[in-house]
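Each residue takes its place number in the sequence, starting with 1. Computation of the quantities below employed the complete heavy-atom set of this structure, encompassing side-chain atoms and omitting hydrogens, waters and symmetry-equivalent molecules.
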Amino acid sequence: MTDVATGAAPIAVYVSCAESKEIHSFRLDAESGALNPLEVVAVSGTDEPSPSNMPLALGPGGQTLYAALRTAPFPVTAFAVDPASSRLSRRGTAPLPAPMAYISVGGGGRLLMGASYKEGKLSVSRIGTDGNIQAPPTQVVTTPPKAHCILPGRSGGMVYATTVEGNAILIFRLDADRGKLVPADTPAVQCRPGSGPRHLALHPSLDVLYCVNEQGGTVAVFAIEQGTGGLRELQYETMMPPGFQGNARAADVHVASDGRFLYASVRSTDVIAGFRIDPRSGKLSRIGLFAAEGSPRGFALEPLGRFLICAGQSENAVAVYAIDRDSGALALQYRAFIGANPNWVETLSLPLGP
């Protein structure tokens, strides 16, 4: 199946709604930016809503989508993704050791990693050959308070995690065979005072890591040292208006697949900040601040870099913004109301059909 307008592979969009415990599935119209609804799938495992958010993660090749609830017993459900229709079918559910604010897949698709904001923990769990999560976890690591992200690096088995109150990015090597995180030679890098590191993103080709800082409303840029995976500060860029006081409540960060642009969301001002990325250094220069849905907690970029899809947590809405290919500026294209407390967005390029 091919997108008639562009000749490109079709794009599936998945939005998690934490209060209604649903995943809303859409097909993105590559010409208009409209989201065509496909289905709404319930996420089971607890009778209560998932407080604050319900993180999602795609497995290798987009064959499996994982959804984690933050209410005891903290279940994570594996959904098989139909490669033709992008529809979801439940495979199985298993408990995680804590309420996870963030999940990701590492170790060549063999391990699910989680970060618990509420309990200050990281976890590693095996993924079976059937795609289901196995319990108990192979490891639980205690962190400084408010762990919020865990992200595999592109090489060397590196893993990076954030702690908001610890004001640091933690650095590990992942022993995939044992399912263990091992602290790196330099196990952490401190962020500037008052930052509150929250979410991370890698440049697709440069050895550069980006961190959105929740409290400070900044994006930090770090060079990744070859071999050690250590981090060296390059730059901090603000996303806040002059004179802003208080907690910025910055939330999410993503880099375009071609490495030209970076975007980060700020809930206190309901904006998405856009930056141009220098192709040699990875440093940032601001494009602008763009009005977004209320409390834009989570968003994703369409794989070809044509659209940004943002969940408005306080408005129960999802919006699509066209990305100008030259300037990187955002323009609202489409908006729809969905389930209660939308908070996380994943996009998937589907296989081309005949």
Trainee: Kindly indicate, with the supporting measurements, whether the criterion side-chain contact (heavy atoms from CB on, under 4.5 Å) is fulfilled by Val189 and Glu233.
Mentor: CA-CA 9 Å; Val189 60; Glu233 179 188 318; over 6 Å; no

Trainee: Within the side chain of Gln134, is there an N or O that forms a donor-acceptor pair under 3.5 Å with the backbone of Ser125?
Mentor: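 Such a contact is absent between Gln134 side chain and Ser125 backbone.
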
Trainee: Taking it one step at a time, do Arg154 and Asp207 satisfy side-chain contact (heavy atoms from CB on, under 4.5 Å)?
Mentor: CA-CA 9 Å; Arg154 288 198 312 274; Asp207 289 327; 3.6 Å; yes

Trainee: Provide the closest heavy-atom pair for Met240 versus Thr269 in the form atom of the first, atom of the second, distance.
Mentor: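 Heavy-atom minimum between the residues: CE-CG2, 3.9 Å.
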
Trainee: Within a strict 4.5 Å, meaning less than it, do heavy atoms of the Arg70 and Ser52 side chains meet?
Mentor: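 Contact flag for Arg70/Ser52 side chains = yes.
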
Trainee: Is the side chain of Tyr263 donor-acceptor paired with the backbone N or O of Ala256 at a distance under 3.5 Å, no angle test?
Mentor: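 Side chain of Tyr263 to backbone of Ala256: no pair is present.
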
Trainee: Please report the C-alpha distance between Asn341 and Ser20 in whole Å, then the side-chain angles of each, then the deciding distance to 0.1 Å, and finally whether the side chain to side chain donor-acceptor pair (under 3.5 Å) criterion is met.
Mentor: CA-CA 7 Å; Asn341 190 2; Ser20 54; over 6 Å; no

Trainee: Following the transitive rule for hydrophobic clusters with a side-chain heavy-atom cut-off under 4.5 Å over Ile, Leu, Val, Met, Phe, Trp and Tyr, establish whether Ile169 and Ile103 coincide in one cluster.
Mentor: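 No: no chain of side-chain contacts under 4.5 Å links Ile169 to Ile103.
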
Trainee: Would you say Leu200 ends up clustered with Leu56 if hydrophobic residues are merged whenever their side chains have heavy atoms under 4.5 Å apart, either directly or through other cluster members?
Mentor: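 Cluster IDs for Leu56 and Leu200 match.
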
Trainee: Donor-acceptor pair, Ser314 side chain versus Gly294 backbone, under 3.5 Å?
Mentor: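 It does hold such a pair.
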
Trainee: Rounded to the nearest 0.5 Å, what separates atom CG in Leu181 from atom CD in Gln139?
Mentor: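 Here the interatomic distance stands at 5.0 Å.
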
Trainee: When rounded to the nearest 0.5 angstrom, what is the spacing between OG in Ser25 and CZ in Phe79?
Mentor: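 If we round to the nearest 0.5 Å, Ser25:OG and Phe79:CZ are 9.0 Å apart.
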
Trainee: So for atom CG, which belongs to Asp185, do other residues, nucleotides or ligands contribute more than 12 heavy atoms lying within a distance under 6.0 Å?
Mentor: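 Atom CG in Asp185 is not crowded, with 12 or fewer foreign heavy atoms closer than 6.0 Å.
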
Trainee: Group every Ile, Leu, Val, Met, Phe, Trp and Tyr by side-chain heavy-atom contacts under 4.5 Å, then state whether Phe261 and Phe299 land in the same group.
Mentor: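 Yes; tracing contacts between hydrophobic side chains, which count when under 4.5 Å, links both residues.
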
Trainee: Under a 4.0 Å threshold between the charged nitrogen and the carboxylate oxygen, would Arg232 count as salt-bridged to Glu225?
Mentor: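 Salt bridge: yes.
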
Trainee: Do you know the tightest heavy-atom contact between Arg325 and Leu304?
Mentor: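 Of all heavy-atom pairs spanning Arg325 and Leu304, the closest is NH1-O, 3.6 Å.
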
Trainee: I need the Phe26 CZ to Leu38 CG distance, nearest 0.5 Å.
Mentor: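 The distance works out to 8.5 Å.
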
Trainee: Looking at Lys21 and Thr46, would you say the former's side chain and the latter's main chain have a donor-acceptor pair under 3.5 Å?
Mentor: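 Looks like yes, one N/O pair under 3.5 Å.
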
Trainee: Please tell me whether Ser265 and Asp252 have a donor and an acceptor in their side chains that are separated by less than 3.5 angstrom.
Mentor: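 Looking only at side-chain atoms, Asp252 and Ser265 do not form any donor-acceptor pair under 3.5 Å.
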
Trainee: Nearest heavy-atom pair of Ser281 and Val208: which atoms, and what distance?
Mentor: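 Reported closest heavy-atom pair: O-CG2, 3.8 Å.
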
Trainee: So, taking the atom named CD1 in Ile224 and the one named CG in Leu202, what distance separates them when rounded to the nearest 0.5 Å?
Mentor: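 One finds 5.5 Å between CD1 of Ile224 and CG of Leu202.
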
Trainee: Using only atom types and a distance under 3.5 Å, with no angle test, would you say the side chain of Asn213 pairs donor to acceptor with the backbone of Gly216?
Mentor: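 Side chain of Asn213 to backbone of Gly216, a donor-acceptor pair under 3.5 Å: no, none is there.
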
Trainee: What are the two closest heavy atoms between Gly229 and Ile171, and how far apart are they?
Mentor: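 For Gly229 and Ile171, the tightest heavy-atom pair comes out as O-CG2, 3.9 Å.
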
Trainee: What about Leu170 and Met158, same hydrophobic cluster or not, with Ile/Leu/Val/Met/Phe/Trp/Tyr joined at side-chain heavy-atom distances under 4.5 Å?
Mentor: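 Leu170 and Met158: one cluster.
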
Trainee: Side chains of Ile127 and Asn132: does their closest heavy-atom pair fall under 4.5 Å?
Mentor: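 Sidechains of Asn132 and Ile127: no contact.
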
Trainee: Give the intermediate values and the outcome of side-chain contact (heavy atoms from CB on, under 4.5 Å) for residues Tyr160 and Cys211.
Mentor: CA-CA 10 Å; Tyr160 301 93; Cys211 178; over 6 Å; no

Trainee: Does this structure show an ion pair linking Arg267 with Glu214, if we count only N-O contacts that are shorter than 4.0 Å?
Mentor: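 Result for this pair is yes, salt bridge flagged.
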
Trainee: Please check: side-chain N/O of Ser16 versus main-chain N/O of Pro55, any donor-acceptor pairing under 3.5 Å?
Mentor: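 Flag not set: sc Ser16 to bb Pro55 has no pair under 3.5 Å.
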
Trainee: Report the distance from atom CZ of Arg110 to atom OG1 of Thr138, rounding to the nearest 0.5 Å.
Mentor: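 Going from the CZ atom of Arg110 to the OG1 atom of Thr138 covers 11.0 Å.
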
Trainee: With a 4.5 Å cut-off on side-chain heavy-atom distances among I, L, V, M, F, W and Y, is there a chain of contacts connecting Tyr102 to Leu69?
Mentor: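 Yes, it is one cluster - the side chains of Tyr102 and Leu69 are joined through contacts under 4.5 Å.
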
Trainee: Quick check against the 3.5 Å criterion: does Tyr210 have a side-chain atom that pairs as donor or acceptor with the backbone of Val253?
Mentor: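 Not at all, since once roles are kept as given, no pair shorter than 3.5 Å links the two residues.
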
Trainee: Do Asn53 side-chain atoms and Ala101 backbone N/O form a donor-acceptor pair below 3.5 Å?
Mentor: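 Yes, Asn53 side chain to Ala101 backbone: donor-acceptor pair under 3.5 Å.
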
Trainee: Any non-hydrogen side-chain atom of Phe172 less than 4.5 Å from a side-chain atom of Leu122?
Mentor: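 They are in side-chain contact.
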
Trainee: Between Arg306 and Gly33, is there a donor-acceptor pair closer than 3.5 Å when you use the side chain of the first and the backbone of the second?
Mentor: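 It does not hold such a pair.
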
Trainee: Verify the neighbour count for atom NZ of Lys118: are there more than 12 heavy atoms of other residues, nucleotides or ligands below 6.0 Å?
Mentor: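 No.
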
Trainee: Can you find a pair of side-chain heavy atoms, one from Leu151 and one from Ser104, that are under 4.5 Å apart?
Mentor: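 They are not in contact (no side-chain heavy atoms under 4.5 Å apart), so the answer is no.
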
Trainee: Of the non-hydrogen atoms in Ala250 and Val212, which two are nearest, and what is the gap between them?
Mentor: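 Scanning both residues, the minimum pair turns out to be CB-CG2, 3.7 Å.
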
Trainee: Considering all heavy atoms of both residues, which atom of Pro197 and which atom of Thr162 are nearest to each other, and what is their separation?
Mentor: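 For Pro197 versus Thr162, the nearest heavy atoms are O-CB, 3.5 Å.
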
Trainee: Going from CG on Leu348 to CG on Leu28, what distance comes out if it is rounded to the nearest 0.5 angstrom?
Mentor: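 Result: 12.0 Å between the selected atoms.
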
Trainee: Do Arg286 and Thr238 touch side chain to side chain, with heavy atoms closer than 4.5 Å?
Mentor: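 The answer is yes, as the side chains (C-beta and beyond) meet within the 4.5 Å cut-off.
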
Trainee: Tell me, do Val13 and Glu302 make a side-chain contact under 4.5 Å, heavy atoms counted?
Mentor: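 Heavy-atom side-chain distance check fails, nothing below 4.5 Å.
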
Trainee: Are any of the side-chain heavy atoms of Pro152 and Leu174 separated by less than 4.5 Å?
Mentor: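 With C-beta onward as the side chain, the pair stays apart.
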
Trainee: Classify the ring geometry between His148 and Tyr117 as parallel (under 30°), tilted (30 to 60°) or perpendicular (over 60°).
Mentor: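 Correct class here is perpendicular.
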
Trainee: Can you tell me which residue among Val15, Val40, Leu65 is in a side chain to side chain contact (heavy atoms under 4.5 Å, CB included) with Ile23?
Mentor: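 Single pass found, and it is Leu65.
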
Trainee: Evaluate side chain to side chain donor-acceptor pair (under 3.5 Å) for Thr77 paired with Thr93, printing each intermediate quantity in order.
Mentor: CA-CA 4 Å; Thr77 298; Thr93 299; 2.8 Å; yes

Trainee: Any side-chain to backbone donor/acceptor pair from His203 onto Val255? Under 3.5 Å, distance only.
Mentor: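 Not at all, since once roles are kept as given, no pair shorter than 3.5 Å links the two residues.
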
Trainee: Taking C-beta and beyond as the side chain, do Thr64 and Leu58 meet within less than 4.5 Å on heavy atoms?
Mentor: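 When only atoms from C-beta onward are counted, Leu58 and Thr64 do not touch, as no gap falls below 4.5 Å.
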
Trainee: Let me see the working for Leu88 and Tyr14 under side-chain contact (heavy atoms from CB on, under 4.5 Å), right down to the final yes or no.
Mentor: CA-CA 10 Å; Leu88 304 176; Tyr14 303 101; 3.7 Å; yes

